[in-house]
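Everything on this sheet refers to the single structure shown next.
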Amino acid sequence: MERTLALVKPDGVARNLIGEVLRFFEQAGLRIVAMKMLRLSKKEAQEFYNVHRDKPFYDSLTDYMSSGPIVALVLEGENAISRCREIMGATNPAEAAEGTIRKSLGLDKEKNTVHGSDSPESAAREIAFFFSERELLAGQR
Ligand code: UDP
Ligand code: MG
């Protein structure tokens, strides 16, 4: 069993697509084991995306990610990290495969509706960024 961190980004929440995004993950067999809605400050968005601090899109990305509420999820399943990334599709919705979240719902390369951790190290860091031990224990079945 593996865990990963996924986000419904501000464009997804703003367009009433929370349930739609959850449906993609649940129908693929990933279990939601923790979930919350919150709004990141600009500073928190900068910290979350610190790995991209030198990229040209960093300032716009962190403005966007702090522009409205998001939903944070911990998903659990076999190979959850790579499966979540597959279900999401490529970063640019125009390049994402048919049937993926980003192909179906994404607006553009920035406002692409979902985030998913890209490695076990990122997943551990990103889960701890959003959830306490107590919140993680609550979802155990
Ligand atoms: N992003 C962007 N322009 C780019 C590349 C990425 O605005 O040229 C945004 C987009 O929202 C993406 C996020 O920055 O999801 C993080 O980029 P990354 O390369 O890590 O893509 P992801 O892992 O989300 O597919
Ligand atoms: Mg990434």
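Start at 1 and go down the list; that is how both ligands and their atoms are numbered. One is the number of the first residue; the rest follow in order along the sequence.
With hydrogens and angles disregarded, no donor-acceptor distance shorter than 3.5 Å links the side chain of Glu95 to the backbone of Asn92. Checked by atom type and distance alone, the side chain of Asn112 pairs as donor or acceptor with a backbone atom of Thr91 at under 3.5 Å.
Between Lys42 and Asp59 a salt bridge is recorded (basic side-chain N to carboxylate O distance below 4.0 Å).
The residues lining ligand 1, counting any heavy atom closer than 4.0 Å, are Lys9, Tyr49, His52, Phe57, Leu61, Arg85, Thr91, Arg102, Lys109, Glu110, Asn112.
Taking the ring centroids of Tyr49 and Tyr58, they lie at or beyond the 6.0 Å cut-off.
Paired with Glu76 under the rule salt bridge (Lys or Arg N to Asp or Glu O under 4.0 Å), one option of Arg83, Arg141, Arg3 passes, and it is Arg3.
Connection of Val74 to Val71 is not established within any shared hydrophobic cluster, with ILVMFWY side chains joined at heavy-atom distances below 4.5 Å, either directly or through further cluster members.
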